[in-house]
Amino acid sequence: MQTRTYGDLFKITSALIGTGGQLDVTEQDQVSHFINRRFQQAFDESPVWPRYLVSSEARDIISLTISGLATGSSSDRSSVANGNYILLGQADDPAADQGAVLGTNVYYNPATGSVTSGGDINSATIIYKRASTNRWEVEDGTDADFNSSRQIKVTAGGGGALLVEADSVKKDNPSEVVTWTLTAATVSGTPLVVDEQLIPYAQTGRDTIGDFNRIHRKRAFQNNSSMEYDFFVDFNGANILNIANSTDNEAFVSYKKQFTPFTVTSDYYNSTVEVPGEFFNYIAHAVYADFLRVQNRQEQALAEEQVAQTYLALELEKIDIRSNNNTINKRFSTYVNRQSR
């Protein structure tokens with residue numbers, strides 16, 4: 001996609017203002033703020049600007065969250081216990097009762113440990129139901145390896161126990177546990193374990209999501225149809241409604257990237273920071289309109305605003321012509337297509 005430079009944008013805007021040269025320092029700072037304002041306004045006009053659109057990208061589904069833990073008496077491990085947990089899968093038959101209970105879920109905190117090329121998890125914070133005690137445990141620095149059937153073998157006791165289920169009647173899910181025994185030297189507080197089906201805005205190695213457009217169970221917009229999820233968005237991310245299978249640990253999200261304003265603060269006329277070509281003319285004329293309003297030249301400002309809007313409308317029309325609005329962003333809901341595309 002075409003780009004222009006921030007320096008070019010500043011020069012053209014100055015020419016429209018008609019200074020015959022460079023603006024003074026105060027005016028330059030003022031124009032830079034106007035540029036960011038108009039940049040975001042253009043960015044917000046469409047959820048499917050091709051430059052910022054990501055289609056059907058695999059994202060982790062957060063299955064559990066832990067909060068409420070604080071520093072222990074000597075060594076703080078609350079930071080690796082509090083957080084979001086992904087469902088890894090189900091446990092394999094443990095050897096000598098040292099792993100997790102067969103068929104039970106195993107979760108890990110992706111902010112901890114490391115993932116090998118084969119997908120095994122090393123030295124992470126892991127939640128599992130220990131076979132030797134039949135209790136849920138949250139352990140720090142524990143390994144989880146996959147077998148050929150993608151079942152998981154947990155190295156029970158391989159790390160340090162942070163939380164251990166203390167309920168007399170054992171629960172099927174860690175979120176159902178009422179009382180936890182805390183390792184006092186590492187964590188304190190009252191842990192709150194909550195079930196989620198959440199896709200957060202940020203994930204390591206991925207762009208931060210600005211706006212969620214659509215979420216599918218499998219990769220979408222290819223030859224095969226894929227079930228599409230309803231969801232609602234809150235401060236933490238997109239919450240999936242009526243997930244097809246509670247053992248799913250990823251979904252495919254079509255989204256708009258997060259807005260990032262220009263950070264140029266000096267030497268505006270020589271800046272080589274890239275400006276999206278599709279926004280260039282709109283920003284230049286819209287900023288000029290803002291400058292006219294500051295000077296109380298309202299009629300001229302209105303005329304210039306119309307010029308700017310014409311440039312933006314032409315770019316928005318290109319999106320409609322490419323039909324992105326009908327495939328990525330919008331859909332008609334019928335019994336035929338509700339689980340398709």
### Query
Would Arg37 and Asp290 pass as an ion pair if we require N to O under 4.0 Å?
yes

#### Entry: N-O pairing of Lys171 and Glu165 below 4.0 Å
no

### Message
Any non-hydrogen side-chain atom of Arg130 less than 4.5 Å from a side-chain atom of Glu137?
### Response
yes

### Salt bridge Asp92-Lys153, side-chain N to carboxylate O under 4.0 Å
no

### Message
Quick check: is Leu182 connected to Leu64 through a chain of hydrophobic side chains (ILVMFWY, heavy atoms under 4.5 Å apart)?
### Response
yes

### Message
Just to verify, which of Tyr269, Phe34, Tyr288, Phe280 counts as forming a ring pair (Phe, Tyr, Trp, His ring centres under 6.0 Å) with Phe10?
### Response
Tyr269

### Query
So, does Asp167 use its side chain to make a donor-acceptor pair with the main chain of Lys170 at under 3.5 Å?
no

### Query
Side chains of Tyr85 and Asp60: does their closest heavy-atom pair fall under 4.5 Å?
no

### NZ/NE/NH1/NH2 to OD/OE distance under 4.0 Å, Glu305 and Arg38
yes

### Query
Going by atom types alone, do Thr26 and Asp29 pair a side-chain donor with an acceptor below 3.5 Å?
no

### Geometric class of the Phe262/Tyr6 ring pair [parallel <30°, tilted 30-60°, perpendicular >60°]
perpendicular

### Query
Is the shortest distance from a Lys or Arg side-chain nitrogen in Glu57 or Arg206 to a carboxylate oxygen in the other one below 4.0 Å?
yes

### Task
Indicate the ring-plane relationship of Phe43 and Tyr52, choosing parallel, tilted or perpendicular according to the 30° and 60° boundaries.
perpendicular

### Cation-aromatic face contact Arg4/Phe279, 6.0 Å, 45 degrees
no

